[in-house]
Amino acid sequence: MKIILPILSSLLLIGCNDQTTVQSSSTKSPEVVPPSTIVATPPEIVNIPLDPSSLFSKKCASCHGDKAEKQALGKSQVIANLEEIQIKDALKGYQAGTYGKEMKAIMQGQAKSLEPEQIDALAQYIPTL
Ligand code: HEC
């Protein structure tokens with residue numbers, strides 16, 4: 001308990017900071033946000049749809065490589081070499097169950113939680129790696 005309490009209270013503090021940030025940025029001018037609030041950004045920031053760089057490194061790089069340069073699990077194409085439209089079609093196809101080869105079940109699990117905006121952003125981003 002002695003160890004957990006300070007962690008809990010700092011989590012609460014982070015929560016309070018976020019709320020005051022939202023309130024102050026909507027009612028007052030946004031430049032008042034203290035730098036400490038930015039550092040305390042919670043991990044769910046990864047899910048922001050239009051940040052393909054962190055999305056890719058969190059969700060895709062472990063199999064496809066940091067530069068999308070690997071054949072995932074020795075099976076996929078090197079997706080950095082694909083066109084934007086091919087990546088988009090593949091990810092939407094995995095979601096719909098209409099695309100894939102022998103290991104498609106793996107990618108269906110990966111693609112399931114992606115929003116359409118995230119697919120668009122990833123499809124644009126991956127060929128630039
Ligand atoms: C657990 C490992 C793993 C992760 C994580 C993963 N993939 Fe894949 N990916 C694969 C495998 C294996 C295939 C080949 C699947 C098949 O047989 O159709 C594949 C195929 C693909 C293809 C189609 C390429 C082809 O060969 O037709 C794309 C595009 C793709 N992945 C993008 C992504 C993106 C974007 C992410 C992150 C959101 C991601 N993958 C995360 C393993 C992974």
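Whatever order the structure lists ligands and atoms in, that order sets their numbers, starting from 1.
If you number the atoms of ligand 1 from 1 as listed, the ones under 4.0 Å from a heavy atom of Tyr99 come out as 25 (C), 27 (O). Heavy-atom contacts of Glu102 reach the following atoms of ligand 1: 17 (O) (cutoff under 4.0 Å). Per-residue contacts place Lys59 under 4.0 angstrom from the following atoms of ligand 1 (heavy atoms of the residue considered): 5 (C), 37 (C), 41 (C). Annotation for ligand 1: atoms under 4.0 Å from non-hydrogen atoms of Ile126 are 35 (C). Residue-ligand proximity, Gly100 to ligand 1, at heavy-atom distances under 4.0 Å covers atoms 18 (O).
When heavy-atom distances to ligand 1 are checked against a 4.0 Å cut-off, Phe56 has no atom that comes that close, whether in backbone or side chain. Contact annotation: for Leu55 versus ligand 1, there are no heavy atoms closer than 4.0 Å.
Here the straight-line distance linking atom CG of Leu122 with atom NZ of Lys59 works out to 9.0 Å at 0.5 Å rounding. For the atom pair CD1 (Ile79) and CG (Leu91), the distance works out to 7.5 Å, reported to the nearest 0.5 Å. Of the inter-residue distances, the one linking Leu129 atom CG with Cys60 atom SG reads 10.0 Å to the nearest 0.5 angstrom. Considering CE of Met107 and CD of Gln95, their distance stands at 9.5 Å, rounded to 0.5 Å.
Nearest heavy atoms, Lys104 versus Gly100: CB-CA, 3.7 Å. Heavy atoms only, all atoms of each residue included: Ala121 and Pro52 are closest at O-CB, 3.7 Å. Minimum heavy-atom separation, Glu84 to Pro127: N-CG, 3.9 Å.
Shortest contact from atom 17 (O) of ligand 1 to any protein heavy atom: Met103 N, 2.8 Å. When hydrogens are left out, the protein atom nearest atom 26 (O) of ligand 1 is Gln77 N, 2.8 Å; that is the closest non-hydrogen contact. Closest to atom 23 (C) of ligand 1 among all protein heavy atoms lies Tyr94 OH, 3.6 Å.
No continuous path of hydrophobic side-chain contacts links Tyr94 to Ile106 [ILVMFWY only; heavy atoms under 4.5 Å].
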Under 3.5 Å, which donor-acceptor pairs link side chains of residues 65-78 to any protein atom two or more places apart or in another chain?
{"residue": "Glu69", "atom": "OE1", "partner": "Lys67", "partner atom": "N", "Å": "2.9"}
{"residue": "Gln71", "atom": "NE2", "partner": "Ser76", "partner atom": "O", "Å": "3.4"}
{"residue": "Lys75", "atom": "NZ", "partner": "Glu102", "partner atom": "OE2", "Å": "3.1"}
{"residue": "Ser76", "atom": "OG", "partner": "Ala72", "partner atom": "N", "Å": "2.9"}

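Note: no N/O pair closer than 3.5 Å links Ser62 and ligand 1 by distance alone.
Ile126 places none of its side-chain heavy atoms less than 4.5 Å from the side chain of Leu82.
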* Let me see the working for Phe56 and His64 under side chain to side chain contact (heavy atoms under 4.5 Å, CB included), right down to the final yes or no. => CA-CA 9 Å; Phe56 185 85; His64 288 277; 4.2 Å; yes
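Protein N/O/S atoms closer than 2.8 Å to atom 8 (Fe) of ligand 1, listed by chain and residue number, are His64 NE2, Met107 SD.
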